[in-house]
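Notes follow once the structure below has been shown.
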Amino acid sequence: MPLSALERKQDSRVPDEDSKSGHSGQPLVVLGIETSCDETAAAIVLREADGRGRVLSNVVRSQFDEHRPYGGVVPEIAARAHVECLDAIIKAALAEANVGLADLSGIAATAGPGLNGGLVVGLVTGKTLALAADKPFLAINHLEAHALTVGLTDGIAPPYLMLLVSGGHTQTLLVEGVGRYRRLGTTIDDAIGEAFDKTAKLLGLGYPGGPEVEKAARAGDPSRFPLPRPMLGRAEPHFSLAGLKTALRQRAEAAAPLSDQDIADLCAAFEAAVCDVVSDRVGRAMEMAAGAFTPGQQKWLTIAGGVAANRKIAVALSTLAEARGYRLAVPPPSLCTDNGAMIAWAGAERLALGLVDGLDFAAKPRWPLDPDAPAAIGAGVKA
Ligand code: KG4
Ligand code: ZN
(Lines give C-alpha, C1' and ligand atoms only; values in the text may rest on other atoms or scores of the structure.)
(Ligands and ions follow the chains in the order given, each with its own letter.)
Protein backbone atom coordinates (compact mmCIF):
# COMPACT_ATOMS: atom_id res chain seq x y z
CA MET A 1 0.00 0.00 0.00
CA PRO A 2 1.44 3.41 -0.88
CA LEU A 3 2.52 5.55 2.05
CA SER A 4 0.47 8.67 2.60
CA ALA A 5 2.28 12.00 2.83
CA LEU A 6 1.97 11.82 6.62
CA GLU A 7 3.43 8.33 6.83
CA ARG A 8 6.29 9.37 4.57
CA LYS A 9 7.22 12.13 6.98
CA GLN A 10 7.44 9.60 9.77
CA ASP A 11 9.98 7.52 7.83
CA SER A 12 13.24 8.24 9.67
CA ARG A 13 15.10 8.31 6.34
CA VAL A 14 13.02 11.26 5.11
CA PRO A 15 13.88 14.53 6.88
CA ASP A 16 11.25 16.83 8.32
CA GLU A 17 11.12 19.92 6.19
CA ASP A 18 11.79 22.08 9.24
CA SER A 19 14.38 19.75 10.76
CA LYS A 20 16.63 21.76 13.06
CA SER A 21 18.43 18.87 14.72
CA GLY A 22 21.31 18.54 12.27
CA HIS A 23 24.82 19.87 11.93
CA SER A 24 24.11 22.23 9.02
CA GLY A 25 25.86 25.16 10.73
CA GLN A 26 29.27 23.52 10.93
CA PRO A 27 31.78 22.10 8.46
CA LEU A 28 31.54 18.34 8.03
CA VAL A 29 34.26 15.96 6.84
CA VAL A 30 32.87 12.60 5.72
CA LEU A 31 34.44 9.35 4.49
CA GLY A 32 32.38 7.65 1.75
CA ILE A 33 32.72 3.97 0.81
CA GLU A 34 31.27 2.51 -2.42
CA THR A 35 31.22 -1.23 -3.23
CA SER A 36 27.80 -1.84 -4.80
CA CYS A 37 29.02 -3.06 -8.20
CA ASP A 38 32.44 -3.33 -9.86
CA GLU A 39 34.15 -0.21 -8.50
CA THR A 40 35.89 -0.26 -5.12
CA ALA A 41 35.94 3.36 -4.04
CA ALA A 42 36.58 5.60 -1.04
CA ALA A 43 36.68 9.38 -0.77
CA ILE A 44 36.79 12.24 1.69
CA VAL A 45 34.45 15.18 1.13
CA LEU A 46 34.22 18.45 3.01
CA ARG A 47 30.83 20.10 3.35
CA GLU A 48 31.39 23.72 4.34
CA ALA A 49 29.15 25.39 6.91
CA ASP A 50 27.39 27.25 4.07
CA GLY A 51 26.51 23.95 2.33
CA ARG A 52 29.15 24.06 -0.39
CA GLY A 53 31.07 20.86 -1.08
CA ARG A 54 34.70 20.08 -1.83
CA VAL A 55 36.26 16.74 -2.77
CA LEU A 56 39.42 16.24 -0.68
CA SER A 57 40.21 12.84 -2.18
CA ASN A 58 38.49 10.37 -4.50
CA VAL A 59 40.13 6.97 -4.96
CA VAL A 60 38.53 4.45 -7.33
CA ARG A 61 39.66 1.03 -8.44
CA SER A 62 37.64 -0.45 -11.32
CA GLN A 63 37.52 -4.22 -11.70
CA PHE A 64 37.42 -4.24 -15.52
CA ASP A 65 40.29 -6.75 -15.76
CA GLU A 66 38.61 -9.24 -13.42
CA HIS A 67 35.29 -9.17 -15.31
CA ARG A 68 36.51 -8.70 -18.90
CA PRO A 69 36.81 -12.44 -19.68
CA TYR A 70 33.10 -12.84 -18.85
CA GLY A 71 31.84 -9.76 -20.72
CA GLY A 72 29.93 -8.57 -17.64
CA VAL A 73 30.14 -8.23 -13.85
CA VAL A 74 30.36 -11.56 -11.98
CA PRO A 75 28.97 -10.93 -8.44
CA GLU A 76 31.21 -13.41 -6.60
CA ILE A 77 34.36 -12.11 -8.29
CA ALA A 78 33.30 -8.51 -7.52
CA ALA A 79 32.81 -9.24 -3.81
CA ARG A 80 36.21 -10.93 -3.53
CA ALA A 81 37.94 -8.04 -5.29
CA HIS A 82 36.32 -5.55 -2.87
CA VAL A 83 37.56 -7.60 0.10
CA GLU A 84 41.08 -7.63 -1.31
CA CYS A 85 41.52 -3.92 -1.89
CA LEU A 86 39.00 -1.87 0.12
CA ASP A 87 41.28 -1.36 3.14
CA ALA A 88 44.10 0.01 0.98
CA ILE A 89 41.68 2.27 -0.92
CA ILE A 90 40.31 3.77 2.31
CA LYS A 91 43.84 4.27 3.60
CA ALA A 92 44.79 6.03 0.36
CA ALA A 93 41.69 8.27 0.50
CA LEU A 94 42.50 9.35 4.08
CA ALA A 95 46.17 9.93 3.25
CA GLU A 96 45.43 11.92 0.09
CA ALA A 97 43.00 14.15 2.00
CA ASN A 98 45.49 14.39 4.86
CA VAL A 99 42.89 13.47 7.47
CA GLY A 100 42.75 10.73 10.10
CA LEU A 101 39.73 8.80 11.33
CA ALA A 102 39.58 11.11 14.37
CA ASP A 103 39.08 14.14 12.07
CA LEU A 104 35.94 12.70 10.47
CA SER A 105 32.42 13.96 11.25
CA GLY A 106 30.88 10.73 9.97
CA ILE A 107 31.41 7.56 7.94
CA ALA A 108 29.10 6.75 5.03
CA ALA A 109 28.83 3.50 3.08
CA THR A 110 26.58 2.36 0.25
CA ALA A 111 23.90 0.03 1.65
CA GLY A 112 22.03 -0.56 -1.64
CA PRO A 113 20.84 -1.09 -4.26
CA GLY A 114 23.47 -3.33 -5.80
CA LEU A 115 25.12 -6.74 -5.59
CA ASN A 116 24.66 -8.17 -2.11
CA GLY A 117 28.18 -9.54 -1.62
CA GLY A 118 29.83 -6.24 -2.48
CA LEU A 119 27.36 -4.22 -0.40
CA VAL A 120 28.10 -6.35 2.66
CA VAL A 121 31.85 -5.78 2.28
CA GLY A 122 31.53 -1.98 2.18
CA LEU A 123 28.77 -1.76 4.76
CA VAL A 124 30.54 -3.90 7.37
CA THR A 125 33.81 -2.04 6.79
CA GLY A 126 32.06 1.33 7.24
CA LYS A 127 30.22 0.21 10.37
CA THR A 128 33.39 -1.23 11.89
CA LEU A 129 35.31 1.99 11.32
CA ALA A 130 32.41 4.00 12.75
CA LEU A 131 32.30 1.78 15.84
CA ALA A 132 36.06 1.83 16.37
CA ALA A 133 36.39 5.59 15.84
CA ASP A 134 33.11 6.39 17.64
CA LYS A 135 31.69 8.31 14.66
CA PRO A 136 28.13 8.58 13.29
CA PHE A 137 27.37 5.99 10.60
CA LEU A 138 25.37 6.78 7.44
CA ALA A 139 23.87 4.02 5.28
CA ILE A 140 23.58 5.50 1.81
CA ASN A 141 21.26 4.69 -1.07
CA HIS A 142 23.52 4.58 -4.13
CA LEU A 143 20.83 6.17 -6.30
CA GLU A 144 20.40 9.01 -3.82
CA ALA A 145 24.15 9.61 -4.00
CA HIS A 146 24.00 9.87 -7.81
CA ALA A 147 20.97 12.15 -7.51
CA LEU A 148 22.64 14.59 -5.07
CA THR A 149 26.01 14.81 -6.88
CA VAL A 150 25.18 18.08 -8.68
CA GLY A 151 24.91 19.74 -5.27
CA LEU A 152 28.56 18.85 -4.74
CA THR A 153 29.82 19.67 -8.23
CA ASP A 154 27.67 22.64 -9.22
CA GLY A 155 25.92 23.77 -6.03
CA ILE A 156 22.55 23.07 -7.67
CA ALA A 157 19.70 22.85 -5.14
CA PRO A 158 16.42 20.92 -5.55
CA PRO A 159 14.03 20.81 -7.24
CA TYR A 160 15.69 19.49 -10.38
CA LEU A 161 15.19 16.75 -12.92
CA MET A 162 17.63 13.90 -13.15
CA LEU A 163 18.43 11.22 -15.72
CA LEU A 164 20.28 8.31 -14.16
CA VAL A 165 21.74 6.03 -16.81
CA SER A 166 24.23 3.31 -15.91
CA GLY A 167 24.84 -0.40 -16.36
CA GLY A 168 22.17 -1.22 -13.78
CA HIS A 169 19.79 1.75 -13.79
CA THR A 170 17.77 3.82 -16.22
CA GLN A 171 15.49 6.31 -14.49
CA THR A 172 14.15 9.81 -14.71
CA LEU A 173 13.74 11.33 -11.25
CA LEU A 174 12.40 14.53 -9.80
CA VAL A 175 14.71 15.46 -6.91
CA GLU A 176 12.57 17.44 -4.47
CA GLY A 177 15.06 17.49 -1.58
CA VAL A 178 17.38 15.25 0.41
CA GLY A 179 15.42 12.03 0.97
CA ARG A 180 12.55 13.20 -1.26
CA TYR A 181 12.51 11.75 -4.78
CA ARG A 182 9.79 11.11 -7.28
CA ARG A 183 10.66 8.46 -9.82
CA LEU A 184 9.05 9.38 -13.11
CA GLY A 185 10.30 6.84 -15.66
CA THR A 186 12.19 3.57 -15.39
CA THR A 187 13.11 0.78 -17.78
CA ILE A 188 10.74 -2.10 -18.27
CA ASP A 189 13.59 -4.37 -19.37
CA ASP A 190 17.30 -3.58 -19.91
CA ALA A 191 19.21 -0.59 -18.54
CA ILE A 192 20.76 1.60 -21.25
CA GLY A 193 24.35 0.82 -20.19
CA GLU A 194 23.47 -2.86 -20.23
CA ALA A 195 22.14 -2.48 -23.79
CA PHE A 196 25.43 -0.80 -24.82
CA ASP A 197 27.37 -3.65 -23.17
CA LYS A 198 25.27 -6.36 -24.85
CA THR A 199 25.60 -4.61 -28.22
CA ALA A 200 29.38 -4.54 -27.83
CA LYS A 201 29.45 -8.23 -26.89
CA LEU A 202 27.28 -9.16 -29.86
CA LEU A 203 29.55 -7.26 -32.24
CA GLY A 204 32.74 -8.69 -30.73
CA LEU A 205 33.86 -5.36 -29.21
CA GLY A 206 35.55 -5.01 -25.80
CA TYR A 207 34.23 -4.56 -22.27
CA PRO A 208 32.83 -2.29 -20.88
CA GLY A 209 30.87 -1.88 -24.08
CA GLY A 210 29.67 1.74 -23.94
CA PRO A 211 32.97 3.43 -24.80
CA GLU A 212 33.71 0.76 -27.46
CA VAL A 213 30.36 1.24 -29.18
CA GLU A 214 30.79 5.01 -29.05
CA LYS A 215 34.28 4.76 -30.57
CA ALA A 216 33.16 2.41 -33.37
CA ALA A 217 30.10 4.57 -34.11
CA ARG A 218 32.29 7.55 -35.00
CA ALA A 219 33.17 5.94 -38.33
CA GLY A 220 29.63 4.73 -38.96
CA ASP A 221 26.56 5.74 -40.96
CA PRO A 222 23.55 5.80 -38.59
CA SER A 223 21.04 5.53 -41.44
CA ARG A 224 22.24 2.33 -43.12
CA PHE A 225 20.56 -0.08 -40.68
CA PRO A 226 17.08 1.13 -39.66
CA LEU A 227 16.37 0.34 -35.99
CA PRO A 228 13.20 0.85 -33.90
CA ARG A 229 12.78 3.54 -31.24
CA PRO A 230 10.84 1.68 -28.49
CA MET A 231 8.31 3.71 -26.44
CA LEU A 232 8.76 6.83 -28.59
CA GLY A 233 5.84 9.22 -28.08
CA ARG A 234 4.17 7.06 -25.43
CA ALA A 235 2.37 8.82 -22.55
CA GLU A 236 3.82 6.53 -19.88
CA PRO A 237 7.33 7.86 -19.20
CA HIS A 238 9.19 4.55 -19.23
CA PHE A 239 12.07 3.16 -21.29
CA SER A 240 12.41 -0.14 -23.10
CA LEU A 241 15.60 -1.36 -24.73
CA ALA A 242 14.98 -5.06 -25.37
CA GLY A 243 13.29 -4.61 -28.76
CA LEU A 244 16.11 -2.38 -29.96
CA LYS A 245 18.68 -4.95 -28.91
CA THR A 246 16.80 -7.75 -30.70
CA ALA A 247 16.43 -5.69 -33.88
CA LEU A 248 20.14 -4.94 -33.83
CA ARG A 249 20.95 -8.63 -33.47
CA GLN A 250 18.70 -9.48 -36.42
CA ARG A 251 20.34 -6.79 -38.59
CA ALA A 252 23.79 -8.03 -37.57
CA GLU A 253 22.91 -11.67 -38.32
CA ALA A 254 21.51 -10.73 -41.72
CA ALA A 255 24.68 -8.80 -42.62
CA ALA A 256 27.16 -11.42 -41.28
CA PRO A 257 30.08 -11.90 -41.74
CA LEU A 258 30.57 -8.35 -40.48
CA SER A 259 33.25 -6.01 -41.80
CA ASP A 260 34.63 -3.18 -39.67
CA GLN A 261 32.38 -0.82 -41.63
CA ASP A 262 29.31 -2.98 -40.91
CA ILE A 263 30.16 -2.89 -37.20
CA ALA A 264 30.66 0.89 -37.29
CA ASP A 265 27.32 1.37 -39.08
CA LEU A 266 25.49 -0.90 -36.62
CA CYS A 267 27.01 0.96 -33.66
CA ALA A 268 26.08 4.34 -35.17
CA ALA A 269 22.50 3.13 -35.79
CA PHE A 270 22.25 1.85 -32.22
CA GLU A 271 23.62 5.05 -30.72
CA ALA A 272 21.29 7.21 -32.83
CA ALA A 273 18.27 5.15 -31.75
CA VAL A 274 19.28 5.44 -28.08
CA CYS A 275 19.69 9.22 -28.43
CA ASP A 276 16.19 9.54 -29.92
CA VAL A 277 14.68 7.38 -27.18
CA VAL A 278 16.49 9.24 -24.39
CA SER A 279 15.45 12.66 -25.73
CA ASP A 280 11.84 11.57 -26.10
CA ARG A 281 11.62 9.93 -22.65
CA VAL A 282 13.35 12.81 -20.84
CA GLY A 283 11.06 15.19 -22.72
CA ARG A 284 8.10 13.27 -21.34
CA ALA A 285 9.58 13.49 -17.82
CA MET A 286 9.91 17.26 -18.28
CA GLU A 287 6.20 17.48 -19.05
CA MET A 288 5.41 15.49 -15.90
CA ALA A 289 7.72 17.64 -13.77
CA ALA A 290 6.37 20.96 -15.04
CA GLY A 291 4.36 21.68 -11.86
CA ALA A 292 7.39 21.22 -9.60
CA PHE A 293 8.98 24.52 -10.58
CA THR A 294 7.75 27.96 -9.59
CA PRO A 295 7.31 30.47 -12.45
CA GLY A 296 10.61 32.09 -13.37
CA GLN A 297 12.67 29.48 -11.50
CA GLN A 298 15.72 28.11 -13.32
CA LYS A 299 14.91 24.53 -14.34
CA TRP A 300 17.88 22.13 -14.26
CA LEU A 301 18.28 18.81 -15.99
CA THR A 302 21.12 16.75 -14.55
CA ILE A 303 22.61 13.46 -15.63
CA ALA A 304 24.61 10.75 -13.86
CA GLY A 305 25.80 7.19 -14.40
CA GLY A 306 28.42 5.80 -16.75
CA VAL A 307 26.32 6.40 -19.88
CA ALA A 308 26.52 10.14 -19.13
CA ALA A 309 30.03 9.93 -20.61
CA ASN A 310 28.48 9.37 -24.06
CA ARG A 311 29.04 12.48 -26.16
CA LYS A 312 26.09 12.00 -28.56
CA ILE A 313 23.64 11.47 -25.69
CA ALA A 314 24.95 14.59 -23.92
CA VAL A 315 24.52 16.62 -27.12
CA ALA A 316 20.97 15.29 -27.61
CA LEU A 317 20.08 16.21 -24.03
CA SER A 318 21.64 19.63 -24.33
CA THR A 319 19.51 20.31 -27.45
CA LEU A 320 16.40 19.08 -25.64
CA ALA A 321 17.16 21.17 -22.54
CA GLU A 322 17.60 24.31 -24.59
CA ALA A 323 14.34 23.74 -26.46
CA ARG A 324 12.40 23.24 -23.20
CA GLY A 325 13.85 26.12 -21.16
CA TYR A 326 16.09 23.92 -19.02
CA ARG A 327 19.82 24.13 -18.33
CA LEU A 328 21.83 20.91 -18.46
CA ALA A 329 24.38 20.09 -15.73
CA VAL A 330 26.72 17.16 -16.34
CA PRO A 331 29.19 16.41 -13.50
CA PRO A 332 32.73 15.43 -14.59
CA PRO A 333 32.96 11.76 -15.70
CA SER A 334 34.81 10.76 -12.50
CA LEU A 335 31.78 11.86 -10.45
CA CYS A 336 29.15 10.56 -12.94
CA THR A 337 30.41 6.98 -12.74
CA ASP A 338 30.46 5.11 -9.44
CA ASN A 339 32.71 6.77 -6.87
CA GLY A 340 33.13 7.32 -3.15
CA ALA A 341 32.80 11.12 -3.24
CA MET A 342 29.11 10.93 -4.08
CA ILE A 343 28.57 8.56 -1.14
CA ALA A 344 30.50 10.87 1.20
CA TRP A 345 28.52 13.88 -0.08
CA ALA A 346 25.15 12.15 0.39
CA GLY A 347 26.35 11.23 3.90
CA ALA A 348 27.31 14.84 4.62
CA GLU A 349 23.96 16.13 3.34
CA ARG A 350 22.13 13.66 5.56
CA LEU A 351 24.36 14.39 8.56
CA ALA A 352 23.70 18.11 8.11
CA LEU A 353 20.01 17.30 8.59
CA GLY A 354 20.70 15.20 11.67
CA LEU A 355 19.98 11.91 9.92
CA VAL A 356 22.20 9.03 11.09
CA ASP A 357 21.76 5.26 10.90
CA GLY A 358 22.18 2.43 13.39
CA LEU A 359 24.94 -0.16 13.14
CA ASP A 360 22.24 -2.79 12.61
CA PHE A 361 21.42 -1.36 9.14
CA ALA A 362 21.30 -4.29 6.69
CA ALA A 363 22.34 -4.32 3.02
CA LYS A 364 19.42 -3.72 0.66
CA PRO A 365 20.20 -5.22 -2.78
CA ARG A 366 16.87 -3.70 -3.91
CA TRP A 367 16.20 -0.23 -2.61
CA PRO A 368 14.05 1.99 -4.82
CA LEU A 369 14.43 5.72 -4.22
CA ASP A 370 10.73 6.26 -4.52
CA PRO A 371 8.87 3.30 -3.00
CA ASP A 372 5.56 4.94 -3.91
CA ALA A 373 6.30 4.94 -7.64
CA PRO A 374 3.83 2.78 -9.56
CA ALA A 375 5.48 -0.30 -11.09
CA ALA A 376 6.16 0.00 -14.80
CA ILE A 377 4.33 -2.74 -16.68
CA GLY A 378 6.77 -5.58 -17.22
CA ALA A 379 9.29 -4.06 -14.80
CA GLY A 380 11.59 -6.73 -13.48
CA VAL A 381 14.58 -6.48 -11.23
CA LYS A 382 15.64 -2.87 -11.78
CA ALA A 383 15.37 -0.76 -8.64
O1 KG4 B 1 27.80 4.14 -13.57
P2 KG4 B 1 28.67 3.06 -14.11
O3 KG4 B 1 30.15 3.30 -14.14
O4 KG4 B 1 28.47 1.73 -13.31
C5 KG4 B 1 27.23 1.18 -13.02
O6 KG4 B 1 26.66 0.51 -13.91
O7 KG4 B 1 26.75 1.40 -11.89
O8 KG4 B 1 28.13 2.73 -15.57
C9 KG4 B 1 28.71 1.76 -16.37
C10 KG4 B 1 27.93 1.66 -17.65
C11 KG4 B 1 28.37 0.49 -18.52
O12 KG4 B 1 27.23 -0.20 -18.96
C13 KG4 B 1 29.10 1.18 -19.66
O14 KG4 B 1 29.06 0.45 -20.86
C15 KG4 B 1 28.34 2.48 -19.76
O16 KG4 B 1 28.08 2.85 -18.42
N17 KG4 B 1 29.14 3.51 -20.45
C18 KG4 B 1 28.80 4.09 -21.61
C19 KG4 B 1 29.87 4.96 -21.95
N20 KG4 B 1 30.82 4.89 -20.97
C21 KG4 B 1 30.34 4.01 -20.05
N22 KG4 B 1 27.72 3.95 -22.38
C23 KG4 B 1 27.68 4.67 -23.52
N24 KG4 B 1 28.66 5.49 -23.93
C25 KG4 B 1 29.78 5.68 -23.18
N26 KG4 B 1 30.75 6.48 -23.60
ZN1 ZN C 1 25.95 3.96 -10.07
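Atoms within each ligand, like the ligands themselves, are counted from 1 in listed order.
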Out of all atoms in ligand 1, which are within 4.0 Å of some heavy atom of [X]? Include the element for each.
| X | answer |
| --- | --- |
| E214 | 25 (C), 26 (N) |
| G168 | 6 (O) |
| F196 | 22 (N), 23 (C) |
| G305 | 1 (O) |

Are E214 and K312 ion-paired here, with the side-chain N under 4.0 Å from a carboxylate O?
no
SB check D280 R234 (cutoff 4.0 Å)
no
Is the ring centre of F270 less than 6.0 Å from the ring centre of F196?
yes
Report the nearest protein non-hydrogen atom to [atom]: residue, atom name, distance rounded to 0.1 Å.
| atom | answer |
| --- | --- |
| atom 1 (O) of ligand 1 | G306 N, 2.9 Å |
| atom 13 (C) of ligand 1 | D197 OD1, 3.7 Å |
| atom 10 (C) of ligand 1 | G167 N, 3.5 Å |
| atom 7 (O) of ligand 1 | D338 OD2, 2.9 Å |
| atom 15 (C) of ligand 1 | V307 CG2, 3.9 Å |
| atom 18 (C) of ligand 1 | G210 CA, 3.4 Å |

For [Y], is there any backbone N or O sitting under 3.5 Å from a side-chain donor or acceptor partner on [X]?
| X | Y | result |
| --- | --- | --- |
| S166 | G305 | no |
| E144 | L369 | no |
| Y207 | A200 | no |

Strictly under 2.8 Å, is any N, O or S atom of C37 next to the Zn ion (ligand 2)?
no
Looking at the Zn ion (ligand 2), is there an N, O or S atom belonging to H169 that lies under 2.8 Å away from it?
no
Ignoring angles and geometry beyond distance, decide whether [X] reaches within less than 3.5 Å of ligand 1 through its nitrogen or oxygen atoms.
| X | result |
| --- | --- |
| H142 | no |
| T337 | no |
| G193 | yes |

May I ask you to test the P230-D189 pair for a side-chain heavy-atom distance under 4.5 Å?
no
Looking at side-chain heavy atoms only, is the closest gap between K245 and R249 below 4.5 Å?
no
Counting only heavy atoms not in R54, do more than 12 sit closer than 6.0 Å to its CZ atom?
no
N310 contact mode with ligand 1 (heavy-atom cut-off under 4.0 Å)
both
Which one holds for C37 and ligand 1: side chain close, backbone close, both close, or neither close, with close meaning a heavy atom under 4.0 Å?
neither
Using the rule given for salt bridge (Lys or Arg N to Asp or Glu O under 4.0 Å), can you reason through K198 versus D190, listing the C-alpha separation, both sets of side-chain angles and the distance that settles it, and then say yes or no?
CA-CA 10 Å; K198 287 178 177 171; D190 292 353; 3.4 Å; yes
Would you say S279 and D276 are linked by a side-chain donor-acceptor pair, where the criterion is simply a distance under 3.5 Å?
no
For H142, the N, O or S atom at the shortest distance from the Zn ion (ligand 2) is NE2
Taking just the N, O or S atoms of D338, which one is nearest to the Zn ion (ligand 2)?
OD1
Run E66 and R61 through salt bridge (Lys or Arg N to Asp or Glu O under 4.0 Å) and show every step you take.
CA-CA 11 Å; E66 284 92 333; R61 183 189 174 274; 2.8 Å; yes
